[in-house]
Amino acid sequence: MKRRYQPGEVELKWQALWSGKDIYRSAPDARPKFYCLEMFPYPSGKIHMGHVRNYAIGDVIARYKRMRGFNVLHPMGWDAFGLPAENAAIKEGVHPARWTHDNIAYMKKQLIRLGLSYDWGREVATCDPAYYRWNQWFFLKMFEKGLAYRKASFVNWCPSCATVLANEQVIDGSCWRCESVVVQKELEQWFLRITAYEEELLAALDGQMDGQKLSGWPEKVLLMQKNWIGRSEGLEIAFPVEGSHDEIPVFTTRADTLFGAKFICLAPKHPVAEKFFAADRGALEKISEHYGKMEEKQGLFTGHYVINPVNGERLPVYVANFVLMEYGTGAIMSVPAHDQRDFEFAQLYGLPLKVVIRPEAASGLPTDSLLRAFEDDGVLVDSGPFSGLASEEARRRIAEYIEAKGSGRRVINYRLRDWGVSRQRYWGTPIPIIYCERCGIVPVPEKDLPVVLPEDVKFTGKGGSPLVLAEDFINVDCPGCGGRARRETDTMDTFVDSSWYYVRYCSGGDEPALDKANISYYMPADQYVGGVEHAVLHLLYSRFFMRVIRDLGFTSISEPFQRLLTQGMVCMETIRCPEHGWLYPSEVENERCTRCGRTVERGRTEKMSKSKRNTVDPDQLIKTYGADTARLFSLFAAPPERDLEWSEKGVEGVYRFLQRIFTFVYDNLEMLTGPGAAVPAAPVIAAAPQGPPGEKTPPLIRKTHQTIMRVTRDIEREYHFNTAIAAMMELVNAITALAPEGREGDAWQLRFAVEKMLLLLAPFCPHLAQELWEAIGMASDIQLESWPGYAEDAAREEQIELVVQVNGKVRAKIMVPQGLTDEDIKARALSEPRIKETLTGKDIKNVFAVKGKLVNIVAR
RNA sequence: GCGAGAGUGGCGGAACUGGCAGACGCGCUGGACUUAGGAUCCAGUGGGGCAACCUGUAGGGGUUCAAAUCCCCUCUCUCGCACCA
């Protein structure tokens with residue numbers, strides 16, 4: 001019976017059967033668990049190829065681990081709060097809730113259509129009050145512990161989104177979401193005190209926490225987080241202000257340059273600066289306007305001086321726009337000779353400089369002709385008693401001196417700032433705070449949670465958050481005094497939602513959200529898969545939240561994600577028409593634009609994006625080739641952590657591969673299921689059928705064992721799915737090569753190879769594997785079968801090809817039996833006629849043998 | 001500027017601790033079957049040469065019996081950070 005591979009038919013059939021059976025449901029039991037987690041998507045409307053790749057990777061891992069006997073938790077949900085929903089409301093008049101739920105419904109269908117093995121019973125949507133109630137609960141707990149606080153500060157303001165952004169959300173001075181230029185604005189904001197954990201967050205990155213190292217994280221991500229937290233050791237030095245009792249503390253990592261300090265700079269917001277300019281606020285404000293702008297340095301002399309505690313030198317005090325209030329003490333000592341920024345500032349305002357560090361080798365630095373600052377370590381000069389010391393030693397000695405003198409202390413500073421979570425937006429978690437004229441800031445009592453986002457609001461797109469106008473929402477009685485009060489109208493940054501969703505998944509939908517037993521069974525996630533774009537944002541916040549959850553007594557775990565796999569981007573070639581700009585592939589015919597007929601330019605391969613029109617629609621892809629092909633190609637084209645170049649031709653290649661398996665099985669069904677297909681010997685799963693007694697392992701059986709070995713090893717070793725798939729392709733080539741009809745004697749070998757092949761294929765292409773599993777007469781669910789084992793003995797070749805080199809060049813290849821000693825193979829190599837020939841007239845200097853498979857003869 | 005990573009056929013990519021460079025797939029070439037092939041199957045495919053052989057992993061140098069792999073220099077690309085004192 002001939003049957004053609006119709007992926008749609010096969011896949012829908014099994015998806016229908018699986019949906020009723022709930023076979024991917026997990027619950028704590030005695031087995032070892034494996035928590036396989038992929039970053040949940042924002043329900044933007046449709047999934048894109050990046051999702052397909054991300055979830056295909058996760059699904060193979062989950063299915064593989066399941067077959068290896070783990071109790072796999074593999075959940076999925078929706079990062080459902082966020083701006084696009086609100087923008088859609090403004091533009092199209094759809095309510096964000098409606099828009100979001102519609103998108104979720106559609107995207108869920110798409111994920112199901114991909115055949116992903118999720119436990120849908122644990123699905124969460126962060127916009128669900130039952131979910132965000134816990135955002136509020138965490139907020140209250142943090143408020144109680146002083147980890148959530150309110151303060152006025154300069155914030156990153158995106159004028160287009162009309163909201164505040166966290167530092168992590170500003171990319172190159174622009175909004176991470178809409179790319180408009182971010183400006184500084186002063187606002188009252190809620191902050192989460194992530195800095196309370198800065199030391200610990202950093203220590204774990206260095207592997208300094210016992211048992212909870214992040215050894216399974218890419219080095220690159222660890223480094224990015226390390227730099228983000230930015231620890232630096234230094235000295236805080238107090239400079240007394242001349243003619244007053246004030247002191248200005250500054251932070252420096254270069255105490256060795258202290259004798260070279262020529263002036264002091266204050267941040268515009270520095271309290272001392274405000275004091276100095278109490279009478280002339282205008283001048284200060286002018287500088288403030290340029291605060292944080294990097295284009296140009298601006299300064300303003302305060303008219304005051306401080307005294308350098310180390311040598312009594314009188315130093316002028318400036319206010320400078322480039323000095324950050326948020327870092328260190330908000331004031332710096334400026335050493336123009338040894339800091340490029342100070343150098344530039346000094347040039348600008350005609351300030352002097354003084355060289356106090358000399359490179360070790362060179363004779364000296366000409367003071368008057370410095371072209372730029374000398375920032376390296378060196379030897380101190382003109383530094384009183386410290387002259388002649390090397391920088392490193394000098395830093396220690398000067399620090400000791402300053403501390404002894406009572407003028408300062410050694411401190412450690414971090415670049416990391418507290419996390420500003422207030423957003424002037426509607427579609428997010430309401431911050432559970434009430435402002436009372438009498439009682440001040442009052443947290444919403446726990447029993448009143450959740451503070452539900454009112455649905456009945458107006459979306460105008462103007463004048464900030466719609467909540468500001470929602471009278472019923474705003475006006476409340478104060479929980480303290482019962483008097484009139486109003487609610488906080490800001491909502492939380494959506495990164496709060498995603499900072500703990502993986503903990504929520506540990507308990508089923510109808511179980512309590514935070515259940516200690518569930519958390520301790522499933523956490524931490526054994527494998528997390530997602531894009532690198534979250535290397536600092538989401539991953540750092542989550543590490544912070546996990547520690548908060550730990551300190552609330554739910555678990556002893558600090559690190560939420562044991563292993564992290566950051567998959568590369570999905571890219572595709574771009575095409576441009578000189579007249580019409582970016583083109584879809586369908587707009588090109590014979591290298592010409594279908595609209596104007598001009599020759600198109602094939603551009604570089606770039607990340608798929610709608611604006612560049614180099615996208616592939618998963619729906620279309622699945623319609624044409626099926627989910628199994630879509631999954632398989634995503635995994636075959638490149639190793640997971642690398643960027644993947646999409647290629648229609650490549651997809652076809654993978655499709656052909658599946659088709660070949662399918663037709664082979666159906667074309668040979670009788671042989672595969674007939675009496676001759678009974679495997680002789682005792683083929684326990686892990687054992688090797690050696691063939692009929694007395695015979696050697698038949699080649700196909702050996703190839704099968706080799707393939708199982710390779711696929712297993714490739715998956716275990718860093719998830720190299722691309723090479724695992726290549727190995728399976730080789731096996732299929734071997735199977736079909738042995739196919740000619742009539743060779744009934746080989747039936748049992750084919751049967752054996754096909755069975756194992758389907759098991760190997762099951763995590764990658766679950767539908768096809770199941771279909772053919774059934775076809776060859778298996779009644780079971782292939783997903784519930786065990787991963788096949790292999791026998792090293794059966795995998796080993798009996799004959800090996802011995803490579804013989806003379807002076808490092810291959811001169812002969814001879815077949816020899818497996819397992820010869822080095823002496824044996826050397827002898828064989830030397831007696832080979834072709835080798836003798838090349839060696840005539842030469843003296844053999846040395847002979848090397850490598851692992852019984854290569855001989856190198858050194859001869860002159 | 002600082003930090004990290006990567007450069008291998010026409011293309012995507014293989015090559016575990018130094019040990020046959022190019023697995024697997026795409027593309028290409030030839031053939032078979034066909035009314036036809038953008039279907040399928042078979043064979044070939046780094047470059048040069050009729051051949052033995054030579055040559056080849058961004059470029060240059062080094063270590064080694066042996067280097068894509070280790071070391072040094074140069075170039076190119078990608079990513080992250082960028083007044084953090």
Side-chain angles (χ1 to χ4, degrees), chain A residues 4 171-173 218-228 230-232 234 250-254 257 265 292-297 320-324 326-335 338-342 344-345 372 375 413-417 532-533 535-536 568-569 571 573 604-605 633 636-639 641-654 656-657 659-660 663 710 713-714 717 720 722-730 732-733 736-737 801-813 845-851 853-859:
Chain A
R4 236 188 112 64
I171 316 285
D172 285 333
E219 206 48 52
K220 179 182 158 172
V221 176
L222 295 178
L223 197 71
M224 282 167 74
Q225 291 214 355
K226 227 180 268 184
N227 292 338
W228 192 265
R231 176 193 147 102
S232 58
V250 305
F251 173 75
T252 180
T253 54
R254 291 299 302 272
T257 65
C265 289
K293 288 207 178 144
M294 23 202 126
E295 309 92 60
E296 49 183 310
K297 291 192 168 48
N321 67 327
F322 68 92
V323 177
L324 305 171
E326 292 82 4
Y327 185 75
T329 60
I332 59 167
M333 68 174 202
S334 294
V335 186
H338 302 292
D339 184 292
Q340 186 57 24
R341 297 158 299 183
D342 298 342
E344 284 163 21
F345 191 86
R372 53 176 299 126
E375 297 185 302
N413 255 313
Y414 293 87
R415 208 188 79 116
L416 183 71
R417 313 279 158 75
V532 237
E533 62 272 22
V536 256
M569 298 179 297
C571 303
E573 184 185 51
R604 22 184 288 156
T605 298
F633 181 75
F636 177 62
E641 66 279 4
R642 235 191 287 179
D643 284 354
L644 180 152
E645 190 180 325
W646 198 264
S647 127
E648 183 80 14
K649 291 286 184 191
V651 174
E652 279 170 18
V654 159
R656 264 200 296 276
F657 165 65
Q659 211 163 37
R660 276 225 320 283
T663 14
R710 278 176 65 187
R713 198 194 58 197
D714 287 349
R717 175 173 62 91
H720 282 180
N722 56 331
T723 50
I725 294 165
M728 290 191 269
M729 286 174 165
E730 279 187 56
V732 170
N733 290 344
T736 50
E801 195 182 46
L802 175 66
V803 176
V804 186
Q805 298 179 330
V806 175
N807 292 332
K809 288 182 177 161
V810 181
R811 286 296 122 115
K813 293 181 179 183
K845 302 281 187 196
N846 210 342
V847 181
F848 294 85
V850 183
K851 298 171 207 158
K853 63 176 184 182
L854 182 142
V855 171
N856 189 12
I857 300 160
V858 186

Between [options], which nucleotide has the shortest distance from any of its atoms to the side chain of [X]?
| X | options | answer |
| --- | --- | --- |
| A:E730 | B:G12, B:A23, B:A85 | B:A23 |
| A:R811 | B:C26, B:C53, B:C81 | B:C53 |
| A:F322 | B:C20, B:G13, B:C83 | B:C83 |
| A:K809 | B:A85, B:C54, B:A15 | B:C54 |
| A:L223 | B:A4, B:G12, B:G25 | B:A4 |
| A:V810 | B:A21, B:C24, B:A15 | B:A21 |
| A:T253 | B:A85, B:G19, B:C24 | B:A85 |
| A:K297 | B:A85, B:C83, B:G13 | B:C83 |
| A:R415 | B:A23, B:A82, B:G12 | B:A82 |
| A:R717 | B:A14, B:U40, B:A15 | B:A15 |

If we take the [atom1] atom in both [N] and [M], what is their distance in whole Å?
| N | M | atom1 | answer |
| --- | --- | --- | --- |
| B:U45 | B:G22 | C1' | 12 Å |
| B:G62 | B:G25 | C1' | 38 Å |
| B:G18 | B:C70 | C1' | 8 Å |
| B:U34 | B:A23 | P | 33 Å |
| B:A67 | B:G56 | P | 11 Å |
| B:U69 | B:A14 | C1' | 14 Å |
| B:U64 | B:G12 | P | 36 Å |
| B:U74 | B:G19 | P | 28 Å |

Distance in angstrom units between [X] [atom1] and [N] [atom2], rounded:
| X | N | atom1 | atom2 | result |
| --- | --- | --- | --- | --- |
| A:H720 | B:G12 | NE2 | P | 18 Å |
| A:I857 | B:A66 | CD1 | P | 15 Å |
| A:E375 | B:G3 | CD | P | 13 Å |
| A:K226 | B:C2 | NZ | P | 20 Å |

Ignoring backbone atoms, test whether [X] places a side-chain nitrogen or oxygen under 4.0 Å from the OP1 or OP2 oxygen of [N].
| X | N | answer |
| --- | --- | --- |
| A:N722 | B:A14 | yes |
| A:S647 | B:C11 | no |
| A:R642 | B:A14 | yes |
| A:N321 | B:C83 | no |
| A:R710 | B:A14 | no |
| A:R656 | B:C24 | no |

Is a side-chain donor-acceptor pair under 3.5 Å present for A:N227 with A:R415?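 No, no side-chain donor-acceptor pair sits under 3.5 Å.
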Can you see whether A:S232 engages A:N413 through a side-chain donor-acceptor pair at a distance of less than 3.5 angstrom?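 Side chains of A:S232 and A:N413: no pair found under 3.5 Å.
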Under 3.5 Å on both distances, the Watson-Crick or G-U partner of [N]:
| N | result |
| --- | --- |
| B:G5 | B:C77 |
| B:A21 | none |
| B:C26 | B:G10 |
| B:G37 | none |
| B:U57 | none |
| B:U63 | none |
| B:A85 | none |

If you pin A:E344 and A:A726 to their nearest nucleotides in RNA chain B, which one's is more 5'?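 Closer to the 5' end of RNA chain B: A:A726.
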By nearest heavy atom, map A:E645 and A:N227 onto RNA chain B; which one lands nearer the 5' end? A:N227
Just to be sure I understand the rule, does [X] reach a base, reach only the sugar-phosphate, or reach nothing, if contact means heavy atoms closer than 4.0 Å?
| X | result |
| --- | --- |
| A:E801 | base |
| A:F636 | base |
| A:G653 | sugar-phosphate |
| A:V803 | base |
| A:R660 | sugar-phosphate |

Keeping A:Q225 on the side-chain end and A:A535 on the backbone end, is there a donor-acceptor pair under 3.5 Å?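 Flag set: sc A:Q225 to bb A:A535 pair under 3.5 Å.
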Test: A:K297 cationic atom under 6.0 Å from A:F345 six-membered ring centre, within 45° of axis: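 Judged by the rule, A:K297 and A:F345 form no cation-pi pair.
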Is there a donor on the side chain of A:K220 or the base of B:C79 sitting less than 3.5 Å from an acceptor on the other? no
Identify whether the distance between the nearest side-chain nitrogen and carboxylate oxygen of A:E344 and A:R372 falls below 4.0 Å.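 A salt bridge is absent here (no side-chain N lies under 4.0 Å from a carboxylate O).
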